[in-house]
Protein chains: 4
Amino acid sequence: MVSARGTQATSQAEQGGDVASAGKEPRTARGRRTLRAILDAAAAEFGEKGFHEGSISGITRRAGVALGSFYTYFDSKDAVFRALVRDMSDQVRDHVAPALKGAPDQIAAEQAALAAFIGFARTHKEIYRIIDEAEFVDPESFRLHYATTADRIARRLQAAAARGEVRSDVGEVHAWAIMGMNVFLGLRYSVWAEDAAPEAIAETVATLLAKGLAPEG
Amino acid sequence: MVSARGTQATSQAEQGGDVASAGKEPRTARGRRTLRAILDAAAAEFGEKGFHEGSISGITRRAGVALGSFYTYFDSKDAVFRALVRDMSDQVRDHVAPALKGAPDQIAAEQAALAAFIGFARTHKEIYRIIDEAEFVDPESFRLHYATTADRIARRLQAAAARGEVRSDVGEVHAWAIMGMNVFLGLRYSVWAEDAAPEAIAETVATLLAKGLAPEG
Amino acid sequence: MVSARGTQATSQAEQGGDVASAGKEPRTARGRRTLRAILDAAAAEFGEKGFHEGSISGITRRAGVALGSFYTYFDSKDAVFRALVRDMSDQVRDHVAPALKGAPDQIAAEQAALAAFIGFARTHKEIYRIIDEAEFVDPESFRLHYATTADRIARRLQAAAARGEVRSDVGEVHAWAIMGMNVFLGLRYSVWAEDAAPEAIAETVATLLAKGLAPEG
Amino acid sequence: MVSARGTQATSQAEQGGDVASAGKEPRTARGRRTLRAILDAAAAEFGEKGFHEGSISGITRRAGVALGSFYTYFDSKDAVFRALVRDMSDQVRDHVAPALKGAPDQIAAEQAALAAFIGFARTHKEIYRIIDEAEFVDPESFRLHYATTADRIARRLQAAAARGEVRSDVGEVHAWAIMGMNVFLGLRYSVWAEDAAPEAIAETVATLLAKGLAPEG
DNA sequence: AATGAATGAGCGTTCATTCAT
DNA sequence: GATGAATGAACGCTCATTCAT
């Protein structure tokens, strides 16, 4: 079900981890171009057809390279998929991250993040098919994605609690609840139909959270 | 991501719709038993291996019938899966429904429903694999499941609003938010690990909702 | 390099081991026919093209069955090959065995066996390709074939020594020497060219052995 | 099955034919070194994995050169293999040749040759895999190797017959018999297990031959 | 000469579905 | 209705060979 909220901290992945971390490192510029083309084609192929219906030949056809070239960069169909899941996971995080900064308080930050996420999902509908299917194809990545995302949200909430912005007992349950809300709202209002403004949705949720998580007393 | 909340209304499926509605109508008692055996076997097979890794022969082996007998009851692999998704969808609903009754107010009802859902998911972990995979295998059923579930929640909220229990503007966004929370909390605390009491989780969420959805003024 | 000499003793394989022992047991007569057709076709395919150049589709085409039927009886290309090696090994043994009986003495028995072997190889030239290639494809069967064959020869020689027909120190080295001679003579005078009568060759060898292995003193 | 006996005559290959005769003539010293590296790597690769399981990239990796460089020296995978078979054939011959000289008589010469061959095979176990597989990969070389070897043995025997050392009718059959013995004894006592001294084995065979081929009358 | 990325034909294997018994 | 053998399309993957740099 994709993730939702971004991060404020620069992760390791952001530093060393670029596209190349996915496949076998190309040594030439031409190789780098080919790898990128294959990854993009894989996102399109799997996003459109899903993992099992998608095919390697479909990927290479889209990428405009020979079938065999695929195996220059990836060991298997599973391997591209894994690379892709992590790539998309990083993309969501990186796209949402800016929204989290510069908000006056944490509720506003979460509101901005949700709006950003819904906006992102509208131009990258394939993330749902890809990250969701990871549950079956690459459970490791699936878990990693959601565990990491929930953890980021929990940390943000706890920092906000320390600042007195939200109730002091916020924790993992709240984080998962927020993540679940975001993911499903993204599914409903980005993938299924774009029949409401992201900002309006985010505002509704923000109101819910503002009161629901208001500091005690 | 499975559903969450049940329904108060008796559905058609409960009345006329039995297991047989899924496959071809068996005419004999023996046939009915075989059909049930195949459906149960399919739940086990797909729950364990997923749709694509699961096989018809795996199903018939579990069911203790000949491979060919499968086609006496279902037209295709997709057909069992479809039947299964609807079956599971009904099971969740029916299991959660009782919890919704007899609660003093709607927030308490939602709390009881979440606790019941988490409990159900702990003994039926396969619902996640099956309903989630429907996104790829049988989008129709997937949509139907979530659209129906969200709709049920929305109606409950609106009825509660009419009674003055929650704010008057509750609607689809709130319903999807609640469904998303429930689904993800079920994933986290039923499928991933059972490291918290369903009641405790439900209580935390109820507190969030009680304040978050409190009537205006 | 194929084997050479037969056996006097009835082996376990002769009792329980029929063709079926090779693949998955067919339960119907039709299935039995199909399995036999596949094994024969495999012998032809591999005998003509070798293991690596031979293909499953080549086998099923020769057998007149669908490609998929192959996998009803064998798990893999390696599996048929293994079955085939053991089948051929048994065939050689069974073909040569009768010649060993009714000879006045052991030297005469070996002579008859060699003649029978060369004769057999002339109508089953594929045994060379198949058993030889087992060295690479299925070393286990390869070893088993030659170890068993050498052992049979050694036992015969020792029995003959006990009867005073040959020198008393005959053993493994003599057995391997005889097996090697037979195999290479079969290669030369059956597979490469049939330019000498099996009996003439066998007689030459018998003379060599008669004197070479004559009892001491 | 490899060869066995060496030769007394210096072959053409020994004169003009160096390593280069195998691949395309390198013009520089550096090229000569690269060619030698590739040939050695090929012997290791094919000896270890066999022709079909062995790969060009495995060879170039072992040789420490780029994949493409292979084709600077050989036209194809078959071509290296062919070069290798002839190289190994020559090596066996050259290694055994000295043993044939200085023996008091032909039986002693054959005995020394067999001992030398077994010793050689113990340090070059790959010759079996390589020469045997030539039966499938390069039948031409395979035939050439054994035909030449048998011919050398036959000539030696006939020369010995002329000297009255062995019976007068020795010929091709005897040559193939001896070659077969030697090859199989090498397989058994060099490749399979080194559980007997080469000299002991050679002595047993020499006794067999001494009597078996003793001059008439 | 050397490098290593690119190519694509080819084959083993799976399995949903059909059909003869 | 039940059985299980038969079918064949489809796809992942390998690797010898070519080619641009």
- Query: E/dC11 P sits how many Å from C/Phe74 CZ, rounded?
  - Reply: 20 Å
- Query: Nearest 0.5 Å, what's the CD-CG distance between B/Glu133 and A/Asp132?
  - Reply: 11.0 Å
- Of C/Gly31 and D/Ile56, the one whose nearest nucleotide on DNA chain F sits closer to the 5' end is C/Gly31
- Message: Need one value for D/Leu67: base, sugar-phosphate or nothing, where a base atom within 4.0 Å counts as base even if backbone is also close, heavy atoms only.
- Response: base
- Nearest-nucleotide comparison on DNA chain E, the residue closer to the 5′ end among C/Asp75 and B/Asp78: C/Asp75
- Task: May I ask you to verify if any side-chain N or O of A/Thr34 is less than 4.0 angstrom from the OP1 or OP2 atom of E/dA6?
- Result: yes
- When you check the phosphate oxygens OP1 and OP2 of E/dT7, does a side-chain N or O of A/Ser69 lie under 4.0 Å from one of them? yes
- Check whether more than 12 heavy atoms from other residues, nucleotides or ligands sit under 6.0 Å from atom CD of B/Gln91, and answer yes or no. yes
- Find the distance between CD1 (A/Ile56) and OH (A/Tyr71) and round it off to the nearest 0.5 Å. 4.0 Å
- So does C/Tyr71 get a side-chain nitrogen or oxygen closer than 4.0 Å to the phosphate oxygens (OP1/OP2) of E/dT14? no
- Could you pick out which residue, C/Ser57 or A/Val65, lies toward the 5' side of DNA chain E when each is mapped onto its nearest nucleotide? A/Val65
- Winner on side-chain proximity to B/Tyr73, out of F/dT3, F/dT18, F/dA2, is F/dA2
- Can you check whether D/Phe136 reaches C/Arg129 side chain to side chain, under 4.5 Å on heavy atoms? yes
- Task: Could you state the atom-to-atom distance from CZ of C/Arg61 to C1' of F/dG8 in whole Å?
- Result: 13 Å
- Message: For DNA chain F, please output the secondary structure as dot-bracket, reading 5' to 3'. Pairs are Watson-Crick or G-U wobble, both atom distances under 3.5 Å; mark crossing pairs with [ ], other-strand partners with |, unpaired with a dot.
- Response: .||||||||||||||||||||
- Query: Got a sec, which residues hit side-chain contact (heavy atoms from CB on, under 4.5 Å) with B/Asp78, two or more places apart in sequence or on another chain?
  - Reply: B/Phe51, B/Ser76, B/Arg82, B/Val137
- Provide the closest heavy-atom pair for A/Gly31 versus A/Pro26 in the form atom of the first, atom of the second, distance. C-CB, 3.5 Å
- Would D/Arg36 and D/Asp40 pass as an ion pair if we require N to O under 4.0 Å? yes
- Item | Between C1' of F/dT3 and CZ of C/Arg30, the distance in whole Å | 12 Å
- Task: Find the distance B/Leu35:CG to F/dG1:P and express it as a whole number of Å.
- Result: 13 Å
- Query: Counting distance only, does the side-chain N/O of D/Thr34 pair as donor-acceptor with the main-chain N or O of D/Arg30 below 3.5 Å?
  - Reply: yes
- Item | N-O pairing of D/Glu48 and D/Arg62 below 4.0 Å | yes
- Within residues 42-55 of chain D: residues closer than 4.0 Å to DNA chain F (heavy atoms): D/Gly54, D/Ser55
- May I have the distance from D/Phe81 (atom CZ) to F/dA16 (atom C1'), rounded to whole angstrom? 16 Å
- Query: From the list F/dA5, E/dT17, F/dT3, which nucleotide is the closest neighbour of the side chain of B/Ser76?
  - Reply: E/dT17
- Message: Nearest whole Å is fine: how far is F/dC11 C1' from A/Lys77 NZ?
- Response: 8 Å
- Base, sugar-phosphate alone, or nothing: which one does D/Thr28 contact when heavy atoms must sit under 4.0 Å apart? nothing
- Note on the structure: Atom CZ of A/Phe70 and atom C1' of F/dG12 are separated, to the nearest Å, by 9 Å
- Item | Check: B/Lys49 side chain, B/Ser55 main-chain N or O, donor-acceptor pair, under 3.5 Å | no
